[in-house]
Each structure stands twice: as structure tokens, then as C-alpha cells.
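To find a chain, count down the sequence lines: A is the first, B the second, and so on, and within it residues start at 1. All values derive from a computational prediction rather than experimental measurement.
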Number of protein chains: 2
Amino acid sequence: MFSVNVEIPACEYVRGGQLNDVTEVGSARAAIVEAAAKCFMHAGYSDTSIDDVADDLGATKGRIYHYYRSKAELFFEVHRHGMAINLDAIEPLATGAGDPVERLNAMCKVHLRNMLDHIVYQRVVLQGVEMHLSSSTTPKQREKLKVLMKEREYYESLFRDVLLEGREQGVFAFDNPSFGSKAVLAILNNPVLWYKPRKTQSEKEKTQIIEEFSALAMQSVAAKR
Amino acid sequence: MFSVNVEIPACEYVRGGQLNDVTEVGSARAAIVEAAAKCFMHAGYSDTSIDDVADDLGATKGRIYHYYRSKAELFFEVHRHGMAINLDAIEPLATGAGDPVERLNAMCKVHLRNMLDHIVYQRVVLQGVEMHLSSSTTPKQREKLKVLMKEREYYESLFRDVLLEGREQGVFAFDNPSFGSKAVLAILNNPVLWYKPRKTQSEKEKTQIIEEFSALAMQSVAAKR
DNA sequence: CGGAAAACATACTACTGAGTATGACGTTAT
DNA sequence: ATAACGTCATACTCAGTAGTATGTTTTCCG
């Protein structure tokens, strides 16, 4: 899998195939990442100051810079966590058994579930796509962003592979496989742009969105019969 | 249609139903808007300084602030121009004659064509959706952003209406109409996120993208037969 | 218990970037 | 010609912010 190594000032930090230990509840790093995700979601990366994150934590800058050496690194951490949630859930489904239609259907629903349940992280992940670290960032940080984009690309390839398998069996139809997976993910990611969790009826809303958007996504690559 | 009134320091400024006179070639305002769109696309709103736009123009701040009283207003102008391009092209198709399948097909292709031909403006329009003017902006500016979002909503309704008409005739199938139009537009907007115009084979690439993504979009709401 | 290291908070620095005040230059109307 | 106005450039102000340097408290271990 992807093994990303970052020099971490404090604590040990290892990224295996599964969820990051950084995310364990009670960890100081986890609290920081959580607060950062919240702020990044509400105001975007550029318009979020480290002080904003510190405020959300009820702390000060010092706390954050003790664990993360820059704002960009903190963003990367949030992004990585968001992608880890998705990869850990989708990877087994993609490589598992079963016919392609069933597999893709499961992937769509789980992906949507993740979008709605972890929306703060998912919006940060989407921001990563539009991330412009062109200016005012070190070349080293740009390298890390490339690694994150590779991870994203791999995630998309999981969908692409299932699509290709289904096309060979005649259950899916599309021309360019890359376009097919992009279209499916475009639909699946869409709710992240507008979904706001309600206090009441929240779960009912979620299941409706999951059902309907997964149906739309499946339909977009379905073979006509 | 939407009549937006902004106090403009110099020159007269009227927004009718059609393309803004601001965009006429030779106009000083048009050059500013063009440069701003380019910068906003490459670096995003927050990471684009007025000086950046001025540099692109080969001018200085003074020029820009002579025509636009704030950075936000300049963004609004770019956004408005982008939406005007889309509305002027799609509105006649949506309300025109013909069966829903043909109409939606035409709308999809024209929309995609606009995405690829005016990508600088379209990316700014997409940024508008994720715009967070929550902090450090006047309530008056937030009002204007709402107007822009209304315009976006109206654009989406053009697709929704055609979809509804098609569902009544049994040629389209979906559950929630709003979700249907969102899915279609999600696919149609997707190329904006990754398309980079090539020097060679540019037109061939475009037509391929247009054909395949419109097919995917149509398919996502197609009735199974 | 005591000393070291981790885990912060406080108080800075240095810089960017939005917006303004003002002046210079050209054009047009009278 | 000159007054007025439109069109900019120059030179500022000032608030916000990333990052650092250093002090202070708590925890942990021998």
C-alpha cells in the first residue's frame, strides 16, 4: 500500500494499511486533526488560520505547532485520515468476490455512507483536489501533495477495475473506462457539496440519499438491455 | 431574469437578459475580468491577490480599484459572466420544443462545450459553490453571493424541468427530481476539475469528452427498457 | 525525591495583502 | 487655453497570520 513517511516532531507515527493511530480517541493529535477538519470544512484551507483551529480546541498555537510543523502538514494529515476512511472501507469490497454489479453497488453505498458520516473529512479531501500549493509552499510540500493525489488516483482505480470487469461481462457499458469511473465518483461525491446533517430525521435522510444516488451512479454505467 | 444592481464607480453598467456589456472586447473592465478569471482559476480566490491580477494585466492595483471597489465584487463579476455564458446558451434549449430526450441531450452537449471552451470562468463558478464568505466580509456581500446562488439554482431548475417532463413520458427514470438534476450536472461539471487544454489535438479531445460525458449523464437518468 | 523530557502557553518577529489617499497624465468640452 | 473629468500609478496604512523563541507546567522515570 502507500507508505508515507513524514518527520514527526513528537510521538511515533506509523502508517500501515489500516486506520491511522493518530485518530485514536484521547490522542492529542486526534483532537487537533478533528478541530482542523472542522475549520477547513467551514472556511476552507486558506481562510483558516492556525489560531482558528487552536480556538476550536480551546488551546493556543503552541499546542498545534508542537505536533505539526506547518499548516500544510496539518492539512495533509486531515486529508490522509479522510482517504484512509475510504480506502479501508472500499478496498476489501473492490477486491472481493461476487459479480461486478453487486460489488459496485456495495462500493457505491459504502462510499456514500462515508461521505455522509464523515463529511468534515470528505470535504477536506475534495478540497485537496482543488488544492493550489503552487505559491508560497516548499517543493517538499508539493511532493507530499502529489502522494495524496496518487492515493486518490488509486482509489479511483478500484472503481475502474470493477467497471472494466463488468463491461467484459456485458453488464456495464461505457467507452473510456477512466471517464466511466469519473462519472460514477462525480455522482457519489455530489452530496458532500450540499448535505447538511439535520438534528431530526437525519438517518432517514441519509439512507434516502444513499439509495438514490447509488442508483443514479449505477445507472450511469449500466448496459442497456 | 435576474437583475442585479451594484453601485459601479465608473461607467454605466446594466445587466439585461443577455451577455454583459462588460465583456465586450476592448473594454477596460473586460480585460480586468479576464485576468481575474485566469488568476482565480489557477490559485483560487483566497490565494489570489489583487496585485496578482494587476501583474497579469501589466498594470497596478489602482487600475483595478478604479473599476471594482473590492476583491469580492471582482469575483462576483467573474462569476456572473460565467453564469451568463451558460444561461444564454441553455435557456433557449430548455424552453424550446422537441421531445425531452433530444432537449436534454442538446443541453448536455452545449453545457459541456461551455465547460471546455470557457474553463477559466467555469472553474470560478464552481468555486462559488464552495465559496465561504463567512468571515471578513460584509453582510452586503453575503447578500450578493446569495443572488449568485439563486442564479445557479435557476440553472439547475432548467435541467430539472426537462427531466420531469421526460419522466412523465416514461423516457426518464429517477426518484427525487432534485437528485436527478444534481447527478446529471455532477457528471457534466466533472471535466472542469481535470481538463487541461492541449496545444495539439485539442478539438478532437473536446468532442470526445463532450460525446462520452453527455452519454454518461443521459444514461444516469435513462429509463430502462 | 529529583531531574529530564514532554506538553503546552506567551510573547514575540516578519511579512503579506486588502484597501486608501493622493498625485500625475491625457482627453474633452467650453 | 483651461477647467473638469476620466484613467490610471505610486505610496502609503493597517490588520491579520505563519512561524519562532522562550518560558512554564506537568508527567514520567530512575
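In terms of the side-chain hydrogen bond (donor to acceptor under 3.5 Å, both in side chains) criterion, Asn114(B) has no residue partners (sequence neighbours excluded). For Tyr155(A), the side-chain hydrogen bond (donor to acceptor under 3.5 Å, both in side chains) partners are His111(A), not counting sequence neighbours. Contacts of Arg160(B) classified as side-chain hydrogen bond (donor to acceptor under 3.5 Å, both in side chains), with partners at least two apart in sequence or in another chain: none.
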Item to check | Test salt bridge (charged side-chain N to carboxylate O under 4.0 Å, His left out) applied to Glu211(B) and Arg113(B), step by step | outcome: CA-CA 10 Å; Glu211(B) 288 303 318; Arg113(B) 167 61 66 181; over 6 Å; no
Contacts under 3.5 angstrom, residues 194-201 of chain B side chains, donor-acceptor by atom type, not counting sequence neighbours:
from, atom 1, to, atom 2, distance (Å)
Trp194(B), NE1, Asn190(B), O, 3.3
Trp194(B), NE1, Asn190(B), OD1, 2.7

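Salt bridge Lys150(A)/Glu156(A): absent, no basic N to carboxylate O contact under 4.0 Å. Ionic pairing of Glu151(B) and Arg80(B) is not present here: no N-O contact between side-chain nitrogen and carboxylate oxygen is shorter than 4.0 angstrom. A salt bridge does not link Glu130(B) with Arg123(B): none of the charged nitrogens is closer than 4.0 Å to a carboxylate oxygen.
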Just the atom pairs and distances: protein N or O near nucleotides 22-27 of chain D's N or O, under 3.5 Å.
none

Checklist entry - How does each nucleotide of nucleotides 8-23 of chain C score, in 5' to 3' order, for protein heavy atoms under 4.0 Å: base (B), sugar-phosphate only (S), or none (-)? => result BBB------SBBB---
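Distance, Arg29(A) CZ to dA6(C) P: 14 Å, rounded to whole Å.
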